[in-house]
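Remarks on the structure that follows.
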Amino acid sequence: MEQTTVTYQCPNCGAGLVFDAEKGKFACEFCLSDFSKDELDASDSAERAREREQMDEEFREQMHAYSCPSCGAQVMADGETVADFCYYCHNPVVLSDQLSGVFRPDRIIPFKFGKKQAIEKFLKYAKSHRFVPRDYFCAEQVDKITGVYYPFWVTDADSSAAITAEGTRIRTWLVGNVKYTETTRLEFEREGEIHFEDIVTSALSTEDKQMLEGVLPYPSESLEAFSAPYLTGFVAKKRDVERDSLSEEVRLRMQDYADRLLRGTIDGQVAKTAPRMQIHKSHWEYALMPVWVLTYRDKAGKIYKYAMNGFTGKVYGELPISKFKLAAAFCAIMAAVAAVVFAVGWVLL
């Protein structure tokens, strides 16, 4: 069945627009105009706004899920963006199904770094480490770097917390040559209202979770209402964790923060006790956040992951080690040591 192509038209010439991550704007390749999302929205008439909403819906209907038969990774992409390899293990991917509306995000953080900038940052990172294999940063390998929108749950909550703690306060003083110590046992009560804003939790259950924690945080103010054109040219990881499964994890994170906040108001040594917390109201949103990802498979089949926060540039990396380079360095060191020993021995003779 033939697919229709969804375009977002330039207000100046009517040509299609694409999102340029480096500029942070929608670019027209025909008349070379650039537009922010606010400018596009402002240029819309009521009729045009309805057309754009319809195009967003058509765009979402064209989003497909692609699965890798080797590692099981699933990504979302439109028909124009599909790659022929898995960005994770570099094996071929296959189309599995169309996505349902339940996977439509509420919020998104657009890419701020384009592919060229991502490659430059990766090469600087890789070449600064002496023992990585050369094929880790060869042109063919580096070109596989992929812009991926990863799924997160973002939580706001109003809560109250209270803590009862026992502690000691110690006072010492000198009278002549005699040192006196006074130990007072105390009971503390602290309580307060706490509002939590934009608690970010990965919506994946796989090992990618560690990688994602390595590139966090994202600035809360960069979250925008979801708009389909931001996905153009990128893929999006399909979430596999629903918010109900994360409720306890998020509650424990809020409880830990409340504990540290309330405990910080108490002087002296305090015994460890858990705070009493009640969540009065919470609000969850599904969000996509940008990551540049590059993986490397060594000869033994082990996969190493490199990731860069697509908005802040923060890097997380697992580096392979070249046994050849390591052995060469060891031999060079041993040769230098042998030369010094020989020279010292010659002088002593």
Side-chain angles (χ1 to χ4, degrees), residues 37-38 102-110 112 149-171 182-205 208-227 230 237 239-291 309-312 314 316:
K37 186 175 183 299
D38 289 341
V102 72
F103 288 101
R104 182 187 185 279
D106 303 301
R107 310 283 290 279
I108 191 170
I109 296 179
K112 187 175 180 180
Y149 280 106
Y150 273 85
F152 291 86
W153 288 106
V154 181
T155 312
D156 298 340
D158 293 322
S159 68
S160 58
I163 189 171
T164 301
E166 293 182 353
T168 57
R169 183 171 296 162
I170 299 173
R171 184 170 70 96
E182 178 186 76
T183 301
T184 306
R185 301 194 179 281
L186 303 168
E187 183 175 286
F188 300 94
E189 290 279 351
R190 294 290 188 272
E191 63 180 30
E193 304 289 326
I194 305 174
H195 174 73
F196 293 92
E197 186 79 18
D198 295 337
I199 299 174
V200 175
T201 312
S202 169
L204 292 174
S205 60
D208 282 342
K209 192 164 185 175
Q210 180 180 349
M211 179 187 76
L212 295 177
E213 289 174 352
V215 299
L216 290 176
Y218 289 87
S220 297
E221 61 273 14
S222 58
L223 280 164
E224 300 184 14
F226 175 73
S227 182
Y230 284 128
K237 186 78 172 173
R239 79 170 189 255
D240 61 5
V241 176
E242 299 306 316
R243 73 184 213 182
D244 291 344
S245 340
L246 294 172
S247 297
E248 182 62 13
E249 177 184 338
V250 172
R251 188 190 70 78
L252 289 174
R253 288 172 62 188
M254 290 191 291
Q255 180 175 294
D256 180 66
Y257 177 79
D259 179 67
R260 287 185 282 113
L261 184 66
L262 295 176
R263 197 174 297 278
T265 66
I266 303 173
D267 295 328
Q269 303 174 41
V270 182
K272 181 70 175 177
T273 58
R276 303 180 299 278
M277 168 168 273
Q278 183 175 1
I279 299 174
H280 304 295
K281 183 174 64 175
S282 64
H283 176 69
W284 293 65
E285 290 186 311
Y286 176 41
L288 296 178
M289 302 187 187
V291 184
N309 186 311
F311 190 86
T312 67
K314 184 180 178 182
Y316 166 91

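Quick note: residue numbers are just sequence positions, from 1.
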Evaluation steps, side-chain contact (heavy atoms from CB on, under 4.5 Å), between Met254 and Thr155: CA-CA 11 Å; Met254 290 191 291; Thr155 312; 5.7 Å; no

What are the two closest heavy atoms between [X] and [Y], and how far apart are they?
| X | Y | answer |
| --- | --- | --- |
| Ser222 | Pro110 | O-CD, 4.2 Å |
| Leu204 | Arg239 | CD2-CA, 4.2 Å |
| Thr312 | Pro219 | CG2-CD, 3.8 Å |
| Ile108 | Ala225 | CG2-O, 3.9 Å |
| Leu223 | Ala287 | CD2-CB, 4.1 Å |

For residues 186-196, which side-chain donor-acceptor pairs fall under 3.5 Å, sequence neighbours excluded?
{"residue": "Glu189", "atom": "OE1", "partner": "Thr164", "partner atom": "OG1", "Å": "3.1"}
{"residue": "Glu189", "atom": "OE2", "partner": "Thr164", "partner atom": "OG1", "Å": "2.9"}
{"residue": "Arg190", "atom": "NE", "partner": "Thr265", "partner atom": "OG1", "Å": "3.0"}
{"residue": "Arg190", "atom": "NH2", "partner": "Thr265", "partner atom": "O", "Å": "3.4"}
{"residue": "His195", "atom": "ND1", "partner": "Ala157", "partner atom": "O", "Å": "3.3"}
{"residue": "His195", "atom": "ND1", "partner": "Asp158", "partner atom": "OD1", "Å": "2.6"}
{"residue": "His195", "atom": "NE2", "partner": "Glu197", "partner atom": "OE1", "Å": "2.6"}

side-chain contact (heavy atoms from CB on, under 4.5 Å) against Ser220, all qualifying residues, sequence neighbours excluded: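 Ser220: side-chain contact (heavy atoms from CB on, under 4.5 Å) contacts with Asp198.
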
Would you say [X] and [Y] make side-chain contact, with heavy atoms under 4.5 Å?
| X | Y | result |
| --- | --- | --- |
| Val215 | Met289 | no |
| Pro217 | Val200 | no |
| Phe152 | Leu216 | yes |
| Trp284 | Ser247 | yes |
| Val291 | Lys237 | no |

Nearest 0.5 angstrom please: [X] [atom1] to [Y] [atom2], how far?
| X | Y | atom1 | atom2 | value |
| --- | --- | --- | --- | --- |
| Met277 | Asp256 | CE | CG | 9.5 Å |
| Arg251 | Leu246 | CZ | CG | 13.5 Å |
| Arg243 | Glu249 | CZ | CD | 15.0 Å |
| Ile163 | Gln255 | CD1 | CD | 9.5 Å |
| Met211 | Ser202 | CE | OG | 9.0 Å |

Stepwise side-chain contact (heavy atoms from CB on, under 4.5 Å) test for Lys112 and Phe311: CA-CA 5 Å; Lys112 187 175 180 180; Phe311 190 86; 3.9 Å; yes

Of Tyr150, Trp153, Tyr149, Phe226, the residue whose pairing with Tyr286 passes ring-ring contact (aromatic ring centres under 6.0 Å, His included):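 For Tyr286, the ring-ring contact (aromatic ring centres under 6.0 Å, His included) test succeeds with only one of Tyr150, Trp153, Tyr149, Phe226, which is Trp153.
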
Thr201 and its side-chain contact (heavy atoms from CB on, under 4.5 Å) partner, picked from Val250, Leu212, Val241: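 Among Val250, Leu212, Val241, the one that satisfies the side-chain contact (heavy atoms from CB on, under 4.5 Å) with Thr201 is Val250.
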
Exam field: side chain Tyr218 to backbone Asn309, donor-acceptor pair closer than 3.5 Å: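 No: the side chain of Tyr218 does not pair with the backbone of Asn309.
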
side-chain contact (heavy atoms from CB on, under 4.5 Å) between Val154 and Arg107, intermediate numbers included: CA-CA 9 Å; Val154 181; Arg107 310 283 290 279; 5.7 Å; no

